[in-house]
Amino acid sequence: MCLLMKNKKYGVGGFAPIIIINMTESLIGILMKSTFEALKIPLIISFVMVIIMMFMEMHEKRIPLQRVSVHNVHAEKNYMAIKYNPIGFMALMFGSAIFMIPQLIIAFIHYFHKSDIINFLYKNFNLSTIFGMASILL
């Protein structure tokens with residue numbers, strides 16, 4: 001916490017750089033111990049999600065407004081801009097966190113009871129399999 005406060009006082013951007021460094025370090029650890037074949041599906045899905053979120057972040061819906069003006073100088077700015085996704089990347093973060101709850105429940109059940117169905121769910125109910133990605137969409 002002291003490092004975060006010093007970075008906020010003397011550094012750049014407050015808490016954000018330290019959070020980004022922590023996330024980057026975690027991602028590098030995952031990438032270094034996994035093969036490309038194991039990461040192919042999650043990387044493709046992540047890339048598509050980033051493209052969609054960038055589109056939603058950068059575009060806005062413009063609702064026309066009626067403004068009274070003598071010279072009509074601001075005629076081109078007669079709209080109210082509303083972003084498509086006003087909360088940004090938070091939806092992805094909370095969505096992936098909520099998806100972790102069933103994974104933890106299945107892992108807990110798998111620890112005590114090992115049946116064929118539980119083994120299948122334990123191995124396939126994650127974001128690196130098609131079954132896991134399909135279940136998040138439902």
Side-chain angles (χ1 to χ4, degrees):
M1 191 66 176
C2 178
L3 183 61
L4 291 174
M5 291 304 193
K6 285 190 185 256
N7 189 49
K8 185 175 181 181
K9 187 175 181 182
Y10 303 113
V12 179
F15 301 128
I18 294 181
I19 294 170
I20 290 172
I21 288 171
N22 186 18
M23 289 170 47
T24 305
E25 189 269 332
S26 299
L27 284 173
I28 289 172
I30 291 170
L31 292 174
M32 295 304 279
K33 66 180 180 180
S34 300
T35 63
F36 180 73
E37 288 299 319
L39 294 173
K40 188 173 13 177
I41 293 173
L43 288 175
I44 291 170
I45 292 169
S46 299
F47 181 72
V48 170
M49 289 172 65
V50 166
I51 296 296
I52 291 170
M53 292 307 285
M54 284 175 53
F55 173 79
M56 292 176 74
E57 183 71 26
M58 297 176 75
H59 288 82
E60 59 190 21
K61 179 147 181 83
R62 295 181 177 186
I63 300 174
L65 299 174
Q66 297 297 326
R67 184 183 294 177
V68 177
S69 176
V70 175
H71 301 291
N72 210 10
V73 175
H74 304 288
E76 70 275 357
K77 295 184 180 178
N78 286 339
Y79 62 86
M80 180 172 53
I82 299 176
K83 292 173 74 173
Y84 282 134
N85 187 13
I87 61 172
F89 284 93
M90 295 299 287
L92 291 177
M93 293 168 52
F94 286 119
S96 62
I98 289 173
F99 184 71
M100 292 300 217
I101 294 170
Q103 284 182 332
L104 290 172
I105 292 170
I106 290 170
F108 182 73
I109 294 170
H110 182 263
Y111 183 76
F112 293 109
H113 179 72
K114 294 183 170 57
S115 68
D116 291 336
I117 295 172
I118 299 297
N119 282 336
F120 174 78
L121 290 175
Y122 181 71
K123 290 179 184 175
N124 294 308
F125 202 72
N126 54 43
L127 296 176
S128 62
T129 63
I130 294 186
F131 177 79
M133 289 307 298
S135 64
I136 199 170
L137 295 175
L138 299 176

S.K.: Cluster question for you: counting only ILVMFWY and a side-chain heavy-atom cut-off of under 4.5 Å, with indirect links fine, are Phe125 and Ile105 together?
M.R.: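 No, separate clusters.
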S.K.: Hydrophobic clusters here meaning ILVMFWY residues chained together by side-chain heavy-atom distances under 4.5 Å, can you tell me if Phe108 and Tyr111 are in one?
M.R.: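 Same hydrophobic cluster.
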S.K.: Can you tell me how far the CD1 atom of Ile109 sits from the OH atom of Tyr122, to the nearest 0.5 Å?
M.R.: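 The CD1 atom of Ile109 sits 12.5 Å away from the OH atom of Tyr122.
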S.K.: Using salt bridge (charged side-chain N to carboxylate O under 4.0 Å, His left out) as the criterion, list what pairs up with Glu37, not counting sequence neighbours.
M.R.: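 Partners of Glu37 under the salt bridge (charged side-chain N to carboxylate O under 4.0 Å, His left out) test: Lys40.
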S.K.: With a sphere of 6.0 Å drawn around CD1 of Ile117, does it hold more than 12 non-hydrogen atoms of other residues, nucleotides or ligands?
M.R.: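 No, the 6.0 Å shell around CD1 holds no more than 12 heavy atoms from other groups.
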S.K.: Just wondering, more than 12 heavy atoms not from Lys114 lying within 6.0 Å of its NZ?
M.R.: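 Yes - once you tally the heavy atoms of other residues, nucleotides and ligands closer than 6.0 Å, there are more than 12.
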S.K.: For residues Asp116 and Phe120, determine if any side-chain heavy atom of one lies less than 4.5 Å from a side-chain heavy atom of the other.
M.R.: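 No, too far: nothing below the 4.5 Å cut-off.
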S.K.: So if I apply the side chain to side chain contact (heavy atoms under 4.5 Å, CB included) rule between Ile106 and each of Leu121, Ile101, Asn124, which one comes out positive?
M.R.: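 Considering Leu121, Ile101, Asn124, a side chain to side chain contact (heavy atoms under 4.5 Å, CB included) with Ile106 is found only for Leu121.
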S.K.: Tell me the closest heavy-atom pair linking Ile118 and His110, and the distance in Å.
M.R.: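 Nearest pair, atom of Ile118 first, then His110: CG2-CA, 3.6 Å.
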